[in-house]
Colleague: 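Mind having a look at this structure? Questions to follow.
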Number of protein chains: 2
Amino acid sequence: MAELLKGKEVADAMCERLAGEAASLKEKGVTPTLCTFRVGEREDDIAYEKAAVTRAAKCGVEIQKVVLPADVTQEAFDAEWKRVNEDARIHGILLFAPLPVQLDMERARRTMKPEKDVDGITLSSLAGVFTNTKTGFAPCTAEAVMELLHHYGIEISGKKAAVIGRSLVIGRPVGMLLMHENATVVNCHTRTKNVPEITRQADILICAAGQMHSVTEEFTNPEQVVIDVGIHWDEEAGKLTGDADYARVEPHVRAVTPVPGGVGSVTSSVLMKHVIEAAARGV
Amino acid sequence: MAELLKGKEVADAMCERLAGEAASLKEKGVTPTLCTFRVGEREDDIAYEKAAVTRAAKCGVEIQKVVLPADVTQEAFDAEWKRVNEDARIHGILLFAPLPVQLDMERARRTMKPEKDVDGITLSSLAGVFTNTKTGFAPCTAEAVMELLHHYGIEISGKKAAVIGRSLVIGRPVGMLLMHENATVVNCHTRTKNVPEITRQADILICAAGQMHSVTEEFTNPEQVVIDVGIHWDEEAGKLTGDADYARVEPHVRAVTPVPGGVGSVTSSVLMKHVIEAAARGV
(Lines give C-alpha, C1' and ligand atoms only; values in the text may rest on other atoms or scores of the structure.)
Protein backbone atom coordinates (compact mmCIF):
# COMPACT_ATOMS: atom_id res chain seq x y z
CA MET A 1 0.00 0.00 0.00
CA ALA A 2 1.34 3.39 -0.99
CA GLU A 3 1.49 6.16 1.58
CA LEU A 4 -1.35 8.60 0.93
CA LEU A 5 -0.17 12.21 0.75
CA LYS A 6 -3.28 14.09 1.74
CA GLY A 7 -3.47 17.78 1.09
CA LYS A 8 -5.76 18.68 4.00
CA GLU A 9 -3.09 18.00 6.60
CA VAL A 10 -0.66 20.27 4.73
CA ALA A 11 -3.22 23.01 4.28
CA ASP A 12 -4.26 22.90 7.94
CA ALA A 13 -0.69 23.17 9.16
CA MET A 14 -0.03 26.09 6.80
CA CYS A 15 -3.25 27.80 7.76
CA GLU A 16 -2.53 27.65 11.48
CA ARG A 17 0.81 29.40 10.91
CA LEU A 18 -0.71 31.90 8.48
CA ALA A 19 -3.57 32.84 10.81
CA GLY A 20 -0.94 33.85 13.36
CA GLU A 21 0.89 35.97 10.83
CA ALA A 22 -2.33 37.60 9.66
CA ALA A 23 -3.26 38.40 13.26
CA SER A 24 0.01 40.19 13.90
CA LEU A 25 -0.38 42.17 10.67
CA LYS A 26 -3.83 43.23 11.81
CA GLU A 27 -2.34 44.43 15.08
CA LYS A 28 -0.19 46.72 12.94
CA GLY A 29 -3.30 47.99 11.18
CA VAL A 30 -2.92 45.94 8.00
CA THR A 31 -5.66 43.52 6.98
CA PRO A 32 -4.27 41.13 4.35
CA THR A 33 -6.75 41.38 1.49
CA LEU A 34 -7.22 39.33 -1.65
CA CYS A 35 -9.29 40.46 -4.59
CA THR A 36 -10.81 37.57 -6.53
CA PHE A 37 -11.41 38.85 -10.04
CA ARG A 38 -13.88 36.78 -12.04
CA VAL A 39 -15.51 37.39 -15.42
CA GLY A 40 -18.57 35.26 -16.13
CA GLU A 41 -19.93 32.21 -14.39
CA ARG A 42 -17.59 29.34 -15.31
CA GLU A 43 -18.06 26.44 -12.93
CA ASP A 44 -14.32 25.90 -12.27
CA ASP A 45 -13.84 29.56 -11.44
CA ILE A 46 -16.76 29.57 -9.02
CA ALA A 47 -15.48 26.40 -7.35
CA TYR A 48 -11.99 27.83 -6.91
CA GLU A 49 -13.40 31.16 -5.74
CA LYS A 50 -15.46 29.34 -3.14
CA ALA A 51 -12.42 27.40 -1.95
CA ALA A 52 -10.48 30.65 -1.69
CA VAL A 53 -13.21 32.32 0.35
CA THR A 54 -13.36 29.40 2.79
CA ARG A 55 -9.60 29.20 3.11
CA ALA A 56 -9.25 32.97 3.49
CA ALA A 57 -11.62 32.95 6.46
CA LYS A 58 -9.51 30.27 8.16
CA CYS A 59 -6.25 32.15 7.51
CA GLY A 60 -7.43 35.61 8.48
CA VAL A 61 -7.40 37.01 4.96
CA GLU A 62 -10.16 39.32 3.80
CA ILE A 63 -11.73 38.79 0.39
CA GLN A 64 -12.99 41.43 -2.01
CA LYS A 65 -14.95 39.76 -4.78
CA VAL A 66 -15.13 41.30 -8.21
CA VAL A 67 -17.54 39.62 -10.60
CA LEU A 68 -18.08 41.03 -14.08
CA PRO A 69 -20.63 39.75 -16.60
CA ALA A 70 -19.31 37.35 -19.25
CA ASP A 71 -20.04 39.89 -21.97
CA VAL A 72 -18.24 42.79 -20.26
CA THR A 73 -16.51 45.17 -22.67
CA GLN A 74 -12.75 45.63 -22.68
CA GLU A 75 -13.27 49.19 -21.54
CA ALA A 76 -15.36 48.25 -18.51
CA PHE A 77 -12.95 45.44 -17.67
CA ASP A 78 -9.97 47.82 -17.86
CA ALA A 79 -11.63 50.34 -15.57
CA GLU A 80 -12.30 47.76 -12.88
CA TRP A 81 -8.87 46.18 -13.37
CA LYS A 82 -7.22 49.57 -12.92
CA ARG A 83 -9.25 50.22 -9.78
CA VAL A 84 -8.18 47.03 -7.99
CA ASN A 85 -4.57 47.45 -9.12
CA GLU A 86 -4.47 50.91 -7.63
CA ASP A 87 -6.41 50.24 -4.45
CA ALA A 88 -3.70 50.15 -1.75
CA ARG A 89 -5.96 48.13 0.57
CA ILE A 90 -5.82 45.20 -1.87
CA HIS A 91 -2.57 43.23 -1.50
CA GLY A 92 -3.13 40.48 -4.00
CA ILE A 93 -5.28 39.78 -7.06
CA LEU A 94 -6.42 36.40 -8.29
CA LEU A 95 -7.57 36.70 -11.89
CA PHE A 96 -9.54 33.71 -13.13
CA ALA A 97 -8.41 32.54 -16.55
CA PRO A 98 -9.12 32.05 -19.36
CA LEU A 99 -10.96 35.31 -19.93
CA PRO A 100 -13.84 35.49 -22.42
CA VAL A 101 -12.59 35.96 -25.99
CA GLN A 102 -13.45 39.66 -26.25
CA LEU A 103 -10.93 40.45 -23.47
CA ASP A 104 -7.17 40.76 -23.82
CA MET A 105 -5.50 38.43 -21.31
CA GLU A 106 -2.02 39.59 -22.29
CA ARG A 107 -2.93 43.18 -21.52
CA ALA A 108 -4.30 42.20 -18.11
CA ARG A 109 -1.10 40.29 -17.38
CA ARG A 110 1.10 43.16 -18.54
CA THR A 111 -0.74 45.80 -16.53
CA MET A 112 -1.01 43.83 -13.30
CA LYS A 113 1.09 45.30 -10.54
CA PRO A 114 3.83 42.70 -10.01
CA GLU A 115 3.65 43.07 -6.23
CA LYS A 116 -0.03 42.02 -6.31
CA ASP A 117 0.59 39.02 -8.55
CA VAL A 118 -0.06 36.35 -5.92
CA ASP A 119 -0.66 33.60 -8.49
CA GLY A 120 2.51 34.08 -10.55
CA ILE A 121 1.09 35.15 -13.91
CA THR A 122 3.25 38.22 -14.63
CA LEU A 123 6.62 38.15 -16.37
CA SER A 124 8.12 39.52 -13.18
CA SER A 125 6.92 36.56 -11.11
CA LEU A 126 7.98 34.07 -13.76
CA ALA A 127 11.42 35.67 -14.03
CA GLY A 128 11.69 35.17 -10.27
CA VAL A 129 10.86 31.47 -10.64
CA PHE A 130 13.44 31.05 -13.40
CA THR A 131 16.23 32.98 -11.70
CA ASN A 132 15.39 31.85 -8.15
CA THR A 133 15.04 35.39 -6.85
CA LYS A 134 12.18 36.93 -4.91
CA THR A 135 10.52 39.08 -7.56
CA GLY A 136 6.86 38.25 -7.28
CA PHE A 137 5.35 34.86 -6.50
CA ALA A 138 5.42 31.38 -8.01
CA PRO A 139 2.19 30.03 -9.51
CA CYS A 140 0.24 28.66 -6.52
CA THR A 141 -0.18 25.12 -7.82
CA ALA A 142 3.55 24.75 -8.47
CA GLU A 143 4.36 25.93 -4.99
CA ALA A 144 1.62 23.70 -3.54
CA VAL A 145 3.51 20.70 -4.91
CA MET A 146 6.62 21.86 -3.05
CA GLU A 147 4.69 22.46 0.19
CA LEU A 148 3.30 18.96 -0.03
CA LEU A 149 6.73 17.39 -0.58
CA HIS A 150 8.19 19.41 2.32
CA HIS A 151 5.35 18.60 4.69
CA TYR A 152 5.75 14.86 4.18
CA GLY A 153 9.53 15.06 4.49
CA ILE A 154 10.20 13.79 0.99
CA GLU A 155 13.82 14.29 0.07
CA ILE A 156 14.34 16.44 -3.02
CA SER A 157 18.04 17.31 -3.10
CA GLY A 158 20.05 14.84 -5.17
CA LYS A 159 16.89 13.05 -6.33
CA LYS A 160 15.61 12.60 -9.87
CA ALA A 161 12.32 14.29 -10.67
CA ALA A 162 10.21 13.91 -13.80
CA VAL A 163 7.48 16.40 -14.63
CA ILE A 164 4.91 15.47 -17.26
CA GLY A 165 3.84 18.79 -18.76
CA ARG A 166 5.53 22.08 -19.54
CA SER A 167 2.84 24.72 -19.09
CA LEU A 168 3.65 28.08 -17.53
CA VAL A 169 1.01 27.48 -14.89
CA ILE A 170 2.55 24.29 -13.52
CA GLY A 171 4.96 22.17 -15.59
CA ARG A 172 7.77 24.65 -16.19
CA PRO A 173 7.61 26.44 -12.82
CA VAL A 174 7.44 23.25 -10.76
CA GLY A 175 10.44 21.93 -12.71
CA MET A 176 12.38 25.07 -11.78
CA LEU A 177 11.33 24.97 -8.12
CA LEU A 178 12.48 21.35 -7.92
CA MET A 179 15.80 22.21 -9.57
CA HIS A 180 16.35 25.12 -7.19
CA GLU A 181 16.10 22.55 -4.39
CA ASN A 182 18.75 20.46 -6.13
CA ALA A 183 16.65 17.80 -7.81
CA THR A 184 17.72 16.71 -11.28
CA VAL A 185 14.66 17.46 -13.37
CA VAL A 186 13.32 16.41 -16.75
CA ASN A 187 10.13 17.90 -18.20
CA CYS A 188 8.31 15.49 -20.51
CA HIS A 189 5.80 16.90 -22.99
CA THR A 190 3.71 16.08 -26.03
CA ARG A 191 6.79 15.72 -28.22
CA THR A 192 8.68 13.48 -25.81
CA LYS A 193 9.19 9.97 -27.09
CA ASN A 194 8.69 7.04 -24.74
CA VAL A 195 7.61 8.97 -21.68
CA PRO A 196 7.26 5.92 -19.39
CA GLU A 197 10.88 4.95 -19.99
CA ILE A 198 11.90 8.39 -18.72
CA THR A 199 9.50 8.72 -15.80
CA ARG A 200 10.27 5.20 -14.54
CA GLN A 201 13.73 6.48 -13.59
CA ALA A 202 12.36 9.26 -11.41
CA ASP A 203 12.24 9.30 -7.61
CA ILE A 204 9.55 11.97 -7.80
CA LEU A 205 6.94 12.07 -10.56
CA ILE A 206 4.78 15.15 -11.08
CA CYS A 207 1.75 14.46 -13.26
CA ALA A 208 0.76 17.75 -14.87
CA ALA A 209 -0.21 16.88 -18.41
CA GLY A 210 -3.89 17.62 -17.95
CA GLN A 211 -4.85 14.27 -19.46
CA MET A 212 -7.17 12.08 -17.42
CA HIS A 213 -5.71 8.71 -16.48
CA SER A 214 -2.74 9.18 -18.80
CA VAL A 215 -0.33 7.94 -16.12
CA THR A 216 -0.38 4.22 -15.40
CA GLU A 217 1.83 1.75 -13.52
CA GLU A 218 4.29 1.50 -16.40
CA PHE A 219 5.32 5.14 -15.70
CA THR A 220 6.37 4.29 -12.15
CA ASN A 221 8.84 2.44 -9.99
CA PRO A 222 8.23 0.97 -6.51
CA GLU A 223 10.24 3.69 -4.72
CA GLN A 224 8.52 6.53 -6.51
CA VAL A 225 6.53 9.41 -5.01
CA VAL A 226 3.72 10.44 -7.35
CA ILE A 227 2.21 13.92 -7.14
CA ASP A 228 -0.91 14.24 -9.25
CA VAL A 229 -1.76 17.79 -10.29
CA GLY A 230 -4.51 16.87 -12.74
CA ILE A 231 -8.17 17.22 -11.94
CA HIS A 232 -10.89 15.91 -14.24
CA TRP A 233 -14.50 14.88 -14.10
CA ASP A 234 -14.73 11.17 -14.79
CA GLU A 235 -18.08 10.91 -16.55
CA GLU A 236 -18.21 7.12 -16.33
CA ALA A 237 -17.40 6.87 -12.64
CA GLY A 238 -19.30 10.04 -11.79
CA LYS A 239 -16.48 11.51 -9.71
CA LEU A 240 -13.38 13.70 -9.80
CA THR A 241 -10.12 12.07 -10.76
CA GLY A 242 -6.56 12.92 -11.74
CA ASP A 243 -3.96 12.53 -14.48
CA ALA A 244 -2.93 9.30 -12.80
CA ASP A 245 -5.08 6.21 -13.03
CA TYR A 246 -5.11 5.86 -9.25
CA ALA A 247 -6.23 2.24 -9.07
CA ARG A 248 -3.41 1.18 -11.37
CA VAL A 249 -0.69 3.45 -9.95
CA GLU A 250 -1.27 3.27 -6.21
CA PRO A 251 -0.29 -0.39 -5.66
CA HIS A 252 3.04 0.12 -7.44
CA VAL A 253 4.54 3.23 -5.81
CA ARG A 254 5.86 4.38 -2.45
CA ALA A 255 3.52 7.34 -2.04
CA VAL A 256 0.81 9.12 -4.01
CA THR A 257 -1.53 12.09 -3.70
CA PRO A 258 -5.27 11.43 -3.96
CA VAL A 259 -7.48 13.41 -6.36
CA PRO A 260 -9.45 15.17 -5.03
CA GLY A 261 -7.82 15.91 -1.68
CA GLY A 262 -4.21 16.18 -2.81
CA VAL A 263 -2.41 19.13 -4.39
CA GLY A 264 -5.69 20.93 -5.03
CA SER A 265 -6.36 21.20 -1.31
CA VAL A 266 -3.05 22.95 -0.75
CA THR A 267 -3.26 25.50 -3.57
CA SER A 268 -5.64 27.91 -1.85
CA SER A 269 -3.43 27.93 1.26
CA VAL A 270 -0.44 28.87 -0.86
CA LEU A 271 -2.54 31.69 -2.27
CA MET A 272 -3.22 32.96 1.25
CA LYS A 273 0.48 32.64 2.10
CA HIS A 274 1.26 34.90 -0.85
CA VAL A 275 -1.40 37.46 0.10
CA ILE A 276 0.00 37.64 3.63
CA GLU A 277 3.56 37.96 2.29
CA ALA A 278 2.43 40.73 -0.07
CA ALA A 279 0.68 42.52 2.80
CA ALA A 280 3.75 42.13 5.03
CA ARG A 281 6.03 43.68 2.40
CA GLY A 282 4.12 46.91 2.68
CA VAL A 283 4.41 47.10 6.49
CA MET B 1 35.72 9.96 -36.64
CA ALA B 2 33.17 12.38 -35.29
CA GLU B 3 31.85 15.16 -37.48
CA LEU B 4 33.53 18.41 -36.45
CA LEU B 5 31.01 21.20 -35.83
CA LYS B 6 33.09 24.28 -36.47
CA GLY B 7 31.83 27.64 -35.35
CA LYS B 8 33.46 29.76 -38.03
CA GLU B 9 31.22 28.41 -40.79
CA VAL B 10 28.14 29.26 -38.71
CA ALA B 11 29.41 32.73 -37.82
CA ASP B 12 30.30 33.52 -41.43
CA ALA B 13 26.87 32.51 -42.69
CA MET B 14 25.18 34.58 -40.00
CA CYS B 15 27.42 37.54 -40.63
CA GLU B 16 26.69 37.62 -44.34
CA ARG B 17 22.99 37.81 -43.65
CA LEU B 18 23.45 40.35 -40.85
CA ALA B 19 25.62 42.66 -42.97
CA GLY B 20 22.73 42.88 -45.44
CA GLU B 21 20.28 43.74 -42.68
CA ALA B 22 22.64 46.35 -41.22
CA ALA B 23 23.06 47.92 -44.68
CA SER B 24 19.33 48.32 -45.16
CA LEU B 25 19.00 49.84 -41.68
CA LYS B 26 21.71 52.33 -42.60
CA GLU B 27 19.75 53.26 -45.70
CA LYS B 28 16.95 54.20 -43.33
CA GLY B 29 19.36 56.36 -41.35
CA VAL B 30 19.93 53.93 -38.48
CA THR B 31 23.44 52.67 -37.73
CA PRO B 32 23.19 49.61 -35.47
CA THR B 33 25.46 50.45 -32.55
CA LEU B 34 26.79 48.36 -29.69
CA CYS B 35 28.35 49.81 -26.59
CA THR B 36 30.94 47.53 -25.01
CA PHE B 37 31.11 48.47 -21.35
CA ARG B 38 34.26 47.31 -19.58
CA VAL B 39 35.64 48.06 -16.13
CA GLY B 40 39.32 47.26 -15.63
CA GLU B 41 41.70 45.24 -17.76
CA ARG B 42 40.71 41.60 -17.25
CA GLU B 43 42.21 39.45 -19.98
CA ASP B 44 38.98 37.56 -20.79
CA ASP B 45 37.06 40.80 -21.14
CA ILE B 46 39.65 42.28 -23.48
CA ALA B 47 39.69 39.12 -25.59
CA TYR B 48 35.89 39.09 -25.90
CA GLU B 49 35.83 42.82 -26.58
CA LYS B 50 38.36 42.34 -29.36
CA ALA B 51 36.30 39.52 -30.87
CA ALA B 52 33.23 41.75 -30.72
CA VAL B 53 35.01 44.62 -32.47
CA THR B 54 36.21 42.35 -35.27
CA ARG B 55 32.83 40.72 -35.70
CA ALA B 56 31.02 44.05 -35.58
CA ALA B 57 33.10 45.37 -38.47
CA LYS B 58 32.16 42.31 -40.56
CA CYS B 59 28.46 42.64 -39.74
CA GLY B 60 28.15 46.40 -40.23
CA VAL B 61 27.68 47.19 -36.55
CA GLU B 62 29.33 50.22 -35.04
CA ILE B 63 31.08 49.91 -31.68
CA GLN B 64 31.28 52.50 -28.94
CA LYS B 65 33.84 51.39 -26.37
CA VAL B 66 33.50 52.42 -22.76
CA VAL B 67 36.45 51.52 -20.56
CA LEU B 68 36.52 52.57 -16.92
CA PRO B 69 39.43 52.08 -14.53
CA ALA B 70 39.27 49.03 -12.25
CA ASP B 71 39.01 51.27 -9.18
CA VAL B 72 36.16 53.43 -10.54
CA THR B 73 33.69 54.59 -7.88
CA GLN B 74 30.07 53.51 -7.90
CA GLU B 75 29.10 57.10 -8.54
CA ALA B 76 31.28 57.48 -11.62
CA PHE B 77 30.14 54.08 -12.89
CA ASP B 78 26.50 55.04 -12.44
CA ALA B 79 26.94 58.28 -14.33
CA GLU B 80 28.48 56.55 -17.34
CA TRP B 81 25.98 53.69 -17.15
CA LYS B 82 23.12 56.19 -17.18
CA ARG B 83 24.61 57.99 -20.15
CA VAL B 84 24.84 54.90 -22.37
CA ASN B 85 21.42 53.70 -21.25
CA GLU B 86 19.90 56.99 -22.29
CA ASP B 87 21.83 57.56 -25.50
CA ALA B 88 19.31 56.79 -28.24
CA ARG B 89 22.09 56.13 -30.76
CA ILE B 90 23.21 53.10 -28.74
CA HIS B 91 20.99 50.08 -29.45
CA GLY B 92 22.68 47.47 -27.30
CA ILE B 93 25.00 47.29 -24.32
CA LEU B 94 27.44 44.49 -23.53
CA LEU B 95 28.50 44.74 -19.90
CA PHE B 96 31.53 42.66 -19.01
CA ALA B 97 31.07 40.70 -15.80
CA PRO B 98 32.01 40.17 -13.08
CA LEU B 99 32.43 43.78 -12.04
CA PRO B 100 35.07 44.75 -9.48
CA VAL B 101 33.87 44.23 -5.91
CA GLN B 102 33.18 47.89 -5.14
CA LEU B 103 30.47 47.98 -7.84
CA ASP B 104 26.91 46.73 -7.54
CA MET B 105 26.21 44.28 -10.37
CA GLU B 106 22.60 43.82 -9.31
CA ARG B 107 21.97 47.53 -9.60
CA ALA B 108 23.51 47.64 -13.07
CA ARG B 109 21.30 44.73 -14.12
CA ARG B 110 18.19 46.31 -12.64
CA THR B 111 18.77 49.69 -14.22
CA MET B 112 19.70 48.44 -17.69
CA LYS B 113 17.11 49.31 -20.29
CA PRO B 114 15.59 45.93 -21.21
CA GLU B 115 15.50 46.84 -24.90
CA LYS B 116 19.29 47.33 -24.88
CA ASP B 117 19.98 44.06 -23.07
CA VAL B 118 21.55 42.24 -26.03
CA ASP B 119 23.25 39.63 -23.83
CA GLY B 120 20.24 38.55 -21.80
CA ILE B 121 21.21 39.63 -18.30
CA THR B 122 18.04 41.47 -17.22
CA LEU B 123 15.03 39.85 -15.59
CA SER B 124 13.00 40.91 -18.61
CA SER B 125 15.21 38.98 -21.02
CA LEU B 126 15.32 35.94 -18.75
CA ALA B 127 11.53 35.99 -18.36
CA GLY B 128 11.36 35.93 -22.16
CA VAL B 129 13.60 32.86 -22.26
CA PHE B 130 11.48 31.09 -19.65
CA THR B 131 8.11 31.96 -21.15
CA ASN B 132 9.22 31.73 -24.80
CA THR B 133 8.10 35.26 -25.59
CA LYS B 134 10.05 38.06 -27.22
CA THR B 135 10.81 40.31 -24.28
CA GLY B 136 14.49 41.03 -24.58
CA PHE B 137 17.20 38.66 -25.77
CA ALA B 138 18.55 35.27 -24.74
CA PRO B 139 22.09 35.14 -23.36
CA CYS B 140 24.34 35.05 -26.44
CA THR B 141 26.16 31.83 -25.62
CA ALA B 142 22.91 29.93 -25.11
CA GLU B 143 21.59 31.15 -28.43
CA ALA B 144 24.95 30.39 -30.09
CA VAL B 145 24.43 26.74 -29.18
CA MET B 146 21.07 26.80 -30.95
CA GLU B 147 22.51 28.56 -34.03
CA LEU B 148 25.17 25.88 -34.24
CA LEU B 149 22.67 23.03 -33.99
CA HIS B 150 20.44 24.66 -36.62
CA HIS B 151 23.30 25.37 -39.01
CA TYR B 152 24.42 21.76 -39.01
CA GLY B 153 20.88 20.47 -39.38
CA ILE B 154 20.86 18.58 -36.10
CA GLU B 155 17.36 17.49 -35.21
CA ILE B 156 16.13 18.83 -31.88
CA SER B 157 12.39 18.13 -31.79
CA GLY B 158 11.59 14.83 -30.12
CA LYS B 159 15.23 14.29 -29.11
CA LYS B 160 16.68 13.92 -25.64
CA ALA B 161 19.07 16.65 -24.54
CA ALA B 162 21.24 16.74 -21.43
CA VAL B 163 22.77 19.97 -20.21
CA ILE B 164 25.58 19.80 -17.66
CA GLY B 165 25.29 23.04 -15.71
CA ARG B 166 22.45 25.24 -14.53
CA SER B 167 23.88 28.77 -14.57
CA LEU B 168 21.76 31.71 -15.69
CA VAL B 169 24.34 32.56 -18.33
CA ILE B 170 24.14 29.24 -20.14
CA GLY B 171 22.84 26.08 -18.43
CA ARG B 172 19.30 27.14 -17.58
CA PRO B 173 18.64 29.28 -20.68
CA VAL B 174 19.99 26.73 -23.14
CA GLY B 175 17.83 24.08 -21.46
CA MET B 176 14.78 26.29 -22.01
CA LEU B 177 15.67 27.10 -25.63
CA LEU B 178 16.04 23.37 -26.34
CA MET B 179 12.71 22.61 -24.68
CA HIS B 180 10.97 25.36 -26.66
CA GLU B 181 12.14 23.50 -29.76
CA ASN B 182 10.59 20.32 -28.39
CA ALA B 183 13.62 18.52 -27.02
CA THR B 184 13.17 16.64 -23.76
CA VAL B 185 15.74 18.26 -21.51
CA VAL B 186 17.48 17.38 -18.27
CA ASN B 187 19.85 19.80 -16.54
CA CYS B 188 22.54 18.05 -14.52
CA HIS B 189 24.36 19.99 -11.81
CA THR B 190 26.68 19.67 -8.84
CA ARG B 191 24.06 17.83 -6.80
CA THR B 192 23.14 15.36 -9.54
CA LYS B 193 24.09 11.80 -8.75
CA ASN B 194 25.65 9.64 -11.45
CA VAL B 195 25.79 12.24 -14.20
CA PRO B 196 27.27 9.90 -16.87
CA GLU B 197 24.33 7.50 -16.49
CA ILE B 198 22.00 10.40 -17.33
CA THR B 199 24.01 12.04 -20.12
CA ARG B 200 24.64 8.69 -21.86
CA GLN B 201 20.94 8.61 -22.71
CA ALA B 202 21.03 11.97 -24.47
CA ASP B 203 21.02 12.56 -28.23
CA ILE B 204 22.45 16.03 -27.62
CA LEU B 205 24.87 16.79 -24.80
CA ILE B 206 25.64 20.38 -23.83
CA CYS B 207 28.77 20.67 -21.68
CA ALA B 208 28.41 23.84 -19.63
CA ALA B 209 29.75 22.97 -16.19
CA GLY B 210 32.81 25.16 -16.48
CA GLN B 211 35.08 22.27 -15.40
CA MET B 212 38.00 21.49 -17.66
CA HIS B 213 37.98 17.96 -19.07
CA SER B 214 35.13 16.92 -16.78
CA VAL B 215 33.34 15.18 -19.66
CA THR B 216 34.83 11.91 -20.86
CA GLU B 217 33.72 9.04 -23.10
CA GLU B 218 31.65 7.46 -20.35
CA PHE B 219 29.25 10.45 -20.59
CA THR B 220 28.51 9.74 -24.24
CA ASN B 221 26.93 7.35 -26.70
CA PRO B 222 27.97 6.71 -30.31
CA GLU B 223 24.98 8.62 -31.78
CA GLN B 224 25.49 11.67 -29.58
CA VAL B 225 26.12 15.26 -30.66
CA VAL B 226 28.37 17.00 -28.12
CA ILE B 227 28.37 20.79 -27.82
CA ASP B 228 31.17 22.04 -25.61
CA VAL B 229 30.57 25.47 -24.11
CA GLY B 230 33.54 25.38 -21.72
CA ILE B 231 36.73 27.29 -22.38
CA HIS B 232 39.80 26.86 -20.22
CA TRP B 233 43.53 27.39 -20.42
CA ASP B 234 45.22 24.00 -20.21
CA GLU B 235 48.47 24.88 -18.41
CA GLU B 236 50.06 21.52 -19.12
CA ALA B 237 49.33 21.45 -22.83
CA GLY B 238 49.78 25.18 -23.22
CA LYS B 239 46.54 25.69 -25.14
CA LEU B 240 42.84 26.43 -24.84
CA THR B 241 40.52 23.52 -24.19
CA GLY B 242 36.94 22.76 -23.17
CA ASP B 243 34.80 21.01 -20.59
CA ALA B 244 35.09 17.87 -22.69
CA ASP B 245 38.30 15.91 -22.82
CA TYR B 246 38.34 16.07 -26.60
CA ALA B 247 40.82 13.26 -27.23
CA ARG B 248 38.70 10.88 -25.17
CA VAL B 249 35.28 12.06 -26.35
CA GLU B 250 35.75 12.62 -30.06
CA PRO B 251 36.29 8.97 -31.11
CA HIS B 252 33.08 7.87 -29.38
CA VAL B 253 30.44 10.31 -30.62
CA ARG B 254 28.65 11.30 -33.83
CA ALA B 255 29.63 14.98 -33.79
CA VAL B 256 31.47 17.39 -31.53
CA THR B 257 32.43 21.06 -31.40
CA PRO B 258 36.13 21.91 -31.12
CA VAL B 259 37.46 24.28 -28.42
CA PRO B 260 38.53 26.82 -29.48
CA GLY B 261 36.64 27.28 -32.72
CA GLY B 262 33.25 25.95 -31.68
CA VAL B 263 30.48 27.71 -29.76
CA GLY B 264 32.78 30.57 -28.81
CA SER B 265 33.19 31.57 -32.44
CA VAL B 266 29.43 31.93 -32.85
CA THR B 267 28.71 33.95 -29.71
CA SER B 268 29.88 37.32 -31.05
CA SER B 269 27.74 36.87 -34.18
CA VAL B 270 24.69 36.26 -32.03
CA LEU B 271 25.56 39.46 -30.20
CA MET B 272 25.56 41.36 -33.52
CA LYS B 273 22.27 39.72 -34.48
CA HIS B 274 20.75 41.07 -31.26
CA VAL B 275 22.15 44.57 -31.81
CA ILE B 276 20.68 44.65 -35.31
CA GLU B 277 17.33 43.36 -34.03
CA ALA B 278 17.36 46.01 -31.29
CA ALA B 279 18.15 48.70 -33.86
CA ALA B 280 15.41 47.43 -36.18
CA ARG B 281 12.80 47.57 -33.41
CA GLY B 282 13.24 51.30 -33.22
CA VAL B 283 12.79 51.86 -36.98
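In what follows, chains carry the letters A, B, and so on, assigned in the order in which the sequence lines appear, proteins first and then strands, with residues in each chain numbered from 1.
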Colleague: Around atom CD of A:Gln102, are there more than 12 heavy atoms from other residues, nucleotides or ligands closer than 6.0 Å?
Modeller: yes

Colleague: Tell me yes or no: between the side chains of B:Asn182 and A:Arg166, is some donor less than 3.5 Å from an acceptor?
Modeller: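 The criterion, which ignores hydrogens and geometry beyond distance, is satisfied for A:Arg166 and B:Asn182.
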
Colleague: At what distance, to the nearest 0.5 angstrom, does CG of A:Asn187 lie from CG of B:Asn187?
Modeller: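 Reported to 0.5 Å precision, the distance equals 9.5 Å.
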
Colleague: Under the side chain to side chain contact (heavy atoms under 4.5 Å, CB included) criterion, do A:Val186 and B:Thr184 qualify, and how do the steps go?
Modeller: CA-CA 7 Å; A:Val186 59; B:Thr184 301; 3.6 Å; yes

Colleague: Distance-only check: which donor-acceptor pairs under 3.5 Å involve side-chain atoms of residues 142-149 of chain B, not counting sequence neighbours?
Modeller:
| unit_1 | atom_1 | unit_2 | atom_2 | d |
| --- | --- | --- | --- | --- |
| B:Glu143 | OE1 | B:His274 | NE2 | 2.7 |
| B:Glu143 | OE2 | B:Lys273 | NZ | 2.7 |
| B:Glu143 | OE2 | B:His274 | NE2 | 3.3 |
| B:Glu147 | OE2 | B:Lys273 | NZ | 2.8 |

Colleague: Counting heavy-atom pairs under 4.5 Å with chain A, which one of B:Cys188, B:Ser124, B:Ser157, B:Gly158 comes out on top?
Modeller: B:Gly158

Colleague: Which members of residues 189-199 of chain B, sorted by number, sit under 4.5 angstrom from chain A on a heavy-atom basis?
Modeller: B:His189, B:Arg191, B:Thr192, B:Lys193, B:Glu197, B:Ile198

Colleague: Considering heavy atoms only, which positions within residues 167-180 of chain B lie below 4.5 Å of chain A?
Modeller: B:Leu168, B:Arg172, B:Pro173, B:Met176, B:Met179, B:His180

Colleague: So for atom CD, which belongs to A:Glu155, do other residues, nucleotides or ligands contribute more than 12 heavy atoms lying within a distance under 6.0 Å?
Modeller: no

Colleague: What parts of residues 103-123 of chain B touch chain A if we use heavy atoms and a cut-off under 4.5 Å?
Modeller: B:Leu123

Colleague: Heavy-atom cut-off 4.5 Å, strictly under: side chain, backbone, both or neither for A:Ala162 against chain B?
Modeller: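 A:Ala162 has no heavy atom closer than 4.5 Å to chain B.
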
Colleague: Measuring heavy-atom distances to chain B, does A:Thr135 have an atom under 4.5 Å in its side chain, in its backbone, in both, or in neither?
Modeller: side chain

